[in-house]
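FYI, side chains are in, hydrogens and waters are out, and symmetry mates aren't considered; it's all heavy atoms of this structure.
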Amino acid sequence: MGSSKEHKSGTKKKLEKEKEVQDEPATLDLTAKNKKSKKEKKRKSSSEDNSEKKPKKEKKEKKDKKDKKKDKKNSEGKAEDSHEDGSERNEMAAPDGLQRFPDFSQDPSTSTESILKAAQLGIPQWLAHPTTVERDVTVPISDERFALSPQILSRCAKAGVESLFAVQSAVIPALRAAHALARLRQHVRDLCVSAPTGSGKTLAFVIPIVEKLRSRLVTRLRALIVLPTKDLAHQVKECFAFFCVGTSLRVGLAAGDVPMAKEQASLVSEEAEYLDGDSSLVDILVCTPGRLYDHLTMTRGFTLQHLEFWVMDEADRLLNEANEEWLSKVHTAIEQDSLSVNSSNIYTPASSNASAMRRADLQLDPLVQPPPRIQKLLFSATLTGDPAKLARLKLVSPLYIAVTSDEDGDSSGPAAKYTFPSTLSEYFSICPEDKKPLWLMYMLWNKVVGRGICFTKSLETAHRLAQLMQVWIDGVPSDKWPEGKRAVVAEYSSEVSFAERTRLLRLFKEGDIDLLICSDLIARGLDIDQIETVVNYDAPIDMSQYTHRVGRTARAGKKGSAYTLVGLTQAHHFKTMMSENGHWGSMLKRFDPRNKIMDALRDQYKAALDGVSSLYAD
Ligand SMILES: Nc1ncnc2c1ncn2[C@@H]1O[C@H](COP(=O)(O)OP(=O)(O)OP(=O)(O)O)[C@@H](O)[C@H]1O
């Protein structure tokens, strides 16, 4: 937990530095503006060649003008309602003379069309033209298109699922149809799915996979679900386990949180190892790429020869993994084994070095048909549009389903626009770097956060911030707090052991923790029902990071808020990023703390800084 002396002295230096810079005048880095003018020239020439885009361009220019006007208004420090209920005025337009919103009125804005066009260069047709589904659609679970069994319907009822969300209502029928085709030995298409955070992507693959496998006769590894982190693997495993109740399907987990030997023993039986695949103790395996690689390399009897589904959840993150060896390892395993068995459970007794002979036998034997091809299923809220990355997956005639919203207009192409839950309210605040802790204190003090999660840019920042908040909280007697209730914060990062993280999540869910301070470790995928607020303590560096972070709230149709603290030097980048992705405007409101409360907190902040410094003084 970063308690070494080295870490302490580093932290101390940083805190001293933090104190030093407090009184420095903040400067806004505008170097990006010069770079931008080149971009703008390029944009102009490309839009001149593109006359059919004109009406859209005009519309955009109007919108930009409107945005610029708004920015100008902000920059002039004019009071503006900035909070959800519109009741809170911008009383803190310029305390310290630092909090004015920088004037972007001189900034040329980059056309979304040209970015889109560039992004589409060289991308395959299927990726450029997704089947789109409206975000807010829901369909009763009993709809005949889903053809769900009584067993699945009863699990859905138990889970409180009465209707299916947009992504589920599109993906489940597509997969059910594919299963029917597979049974007839027909061509099965791979599937790529992009849908907003919290929109129910997990059930979109869990339900049809359980539905397809529940009548299988023999336990064999037929579905492989790969997720980028241990935490997510646990979450998805639990979901499968819940939906497999009432079936004989067995769900396994390989995420590296138990010793390798124990994991091996849970996946493969030592007894039946003379038959490839017959030794599997699980039908569905949820795993992380690292452990999957280890089992393919080291676990005797572990084979993918019976695989029917290969799901990659948080697919773009998996494709970004620095170590992609796992991907080629899976492909090699599949290619070696794919013709050794057919789906009607007739298998050829085989040793692992006899694939070629098996193939020849299969082709000669009229009773033995080739197995169904493995169907690859990719899911993400921010599916990559990089054709080179997708090519590594060797997808076969993929179908691309994108859940979008009305505001996305003619959204086409991969992640052409990031789609956000309609129940999410978004705010940003411009503040000097060294005052960010004060902003966070304000949010905790003033109960802006409720129950929330706070993202920082690094493990170290998360650790230092959690420590500072703790010293502050401990230093103010309970009866001085609003409603006599102290805030409770905890650090939640990969520095904290998995067991401790599990405990913290439990406390958070039970309402005993108000704010989890974390690095990006859990930005993706984690489904915690109770998160009301996301605080981006450090502004995200790209739109994908923003999407995944804010997507921890406003899930499954619930309301949620996201607050981004934008440092003065990040302000230009933040606005450009939001504008380029069509996310700058009425959906993103300005939030400014109230002067009076901030004044009261300033002394407490200073005392907390001193308190932390003294921790390291010994
Ligand atoms: N049809 C449904 N009815 C009610 N609740 C649902 C339904 N589908 C999913 N949920 C709930 O919605 C929440 C979000 O679902 P899920 O975690 O699958 O989202 P996601 O799209 O994978 O999000 P992310 O991209 O952030 O990982 C979960 O708590 C899940 O139980």
Could you tell me whether the side chain of [Y] reaches within less than 4.5 Å of the side chain of [X], counting heavy atoms only?
| X | Y | answer |
| --- | --- | --- |
| Leu390 | Thr384 | yes |
| Thr197 | Val550 | no |
| Gln570 | Glu433 | yes |

Take the angle between the ring planes of [X] and [Y] and call it parallel below 30°, perpendicular above 60°, tilted in between.
| X | Y | answer |
| --- | --- | --- |
| Phe205 | Phe240 | tilted |
| Tyr546 | Phe420 | perpendicular |
| Phe498 | His234 | tilted |

Measure the spacing between [atom1] of [X] and [atom2] of [Y] and express it to the nearest 0.5 Å.
| X | Y | atom1 | atom2 | answer |
| --- | --- | --- | --- | --- |
| Ile453 | Thr553 | CD1 | OG1 | 9.5 Å |
| Leu468 | Leu615 | CG | CG | 10.0 Å |
| Leu444 | Met469 | CG | CE | 7.0 Å |
| Ser561 | Lys589 | OG | NZ | 9.0 Å |

If you take all heavy atoms of [X] and [Y], which pair is closest and at what distance?
| X | Y | value |
| --- | --- | --- |
| Val403 | Thr419 | O-OG1, 3.7 Å |
| Phe574 | Ala539 | CD1-CB, 4.4 Å |
| Leu292 | Cys287 | CB-SG, 3.9 Å |
| Ile401 | Val171 | CD1-CG2, 4.2 Å |
| Cys454 | Leu465 | SG-CD2, 4.1 Å |
| Val489 | Ala466 | CG2-O, 4.4 Å |

Looking only at side-chain N and O atoms, does [Y] offer a donor or acceptor that is under 3.5 Å from a partner on [X]?
| X | Y | value |
| --- | --- | --- |
| Asp474 | Gln470 | yes |
| Asp136 | Ser422 | yes |
| Thr382 | His548 | yes |
| Ser493 | Glu491 | yes |
| Thr564 | Asn536 | yes |

When you measure from the side chain of [X] to the backbone N and O of [Y], does any donor-acceptor pair fall under 3.5 Å?
| X | Y | answer |
| --- | --- | --- |
| Arg155 | Phe242 | yes |
| Glu495 | Leu459 | no |
| Lys436 | Gly567 | no |
| Asp542 | Ser544 | yes |
| Arg503 | Ala499 | no |
| Arg451 | Phe508 | yes |
| Arg486 | Trp481 | no |

Using a strict 4.0 Å threshold on nitrogen-to-oxygen distance, state whether [X] and [Y] make a salt bridge.
| X | Y | answer |
| --- | --- | --- |
| Asp313 | Lys201 | no |
| Glu510 | Arg506 | yes |
| Asp603 | Lys606 | no |
| Asp316 | Lys389 | no |
| Lys596 | Asp599 | no |

Compute the ring centroids of Phe591 and Trp439, then answer whether they are less than 6.0 Å apart.
-> no
For Leu515 and Leu440, what are the C-alpha separation, side-chain angles and deciding distance, and is it a side-chain contact (heavy atoms from CB on, under 4.5 Å)?
-> CA-CA 10 Å; Leu515 187 72; Leu440 188 61; 4.1 Å; yes
Might you work through the side-chain contact (heavy atoms from CB on, under 4.5 Å) test for Glu263 and Arg291, ending with a clear yes or no?
-> CA-CA 9 Å; Glu263 210 168 79; Arg291 267 298 158 104; 3.0 Å; yes
The single option from Leu383, Leu191, Thr132 that satisfies side chain to side chain contact (heavy atoms under 4.5 Å, CB included) with Tyr400 is Leu383
Got a sec: does the CD of Glu500 have more than 12 other heavy atoms crowding it under 6.0 Å?
-> yes
Does atom NZ of Lys158 have more than 12 heavy-atom neighbours from other groups under 6.0 Å away?
-> no
Give the intermediate values and the outcome of side-chain contact (heavy atoms from CB on, under 4.5 Å) for residues Thr202 and Phe379.
-> CA-CA 9 Å; Thr202 314; Phe379 290 83; over 6 Å; no
Within 45° cone and under 6.0 Å: Arg594 NZ/CZ vs Tyr442 ring = no
Evaluate the side-chain contact (heavy atoms from CB on, under 4.5 Å) criterion for residues His583 and Tyr418: first the C-alpha distance (whole Å), next the side-chain angles of each, then the deciding distance (0.1 Å), finally the verdict.
-> CA-CA 8 Å; His583 208 63; Tyr418 294 87; over 6 Å; no
Matching residue for Lys485 among Asp512, Asp479, Asp514 - test: salt bridge (charged side-chain N to carboxylate O under 4.0 Å, His left out) | Asp514
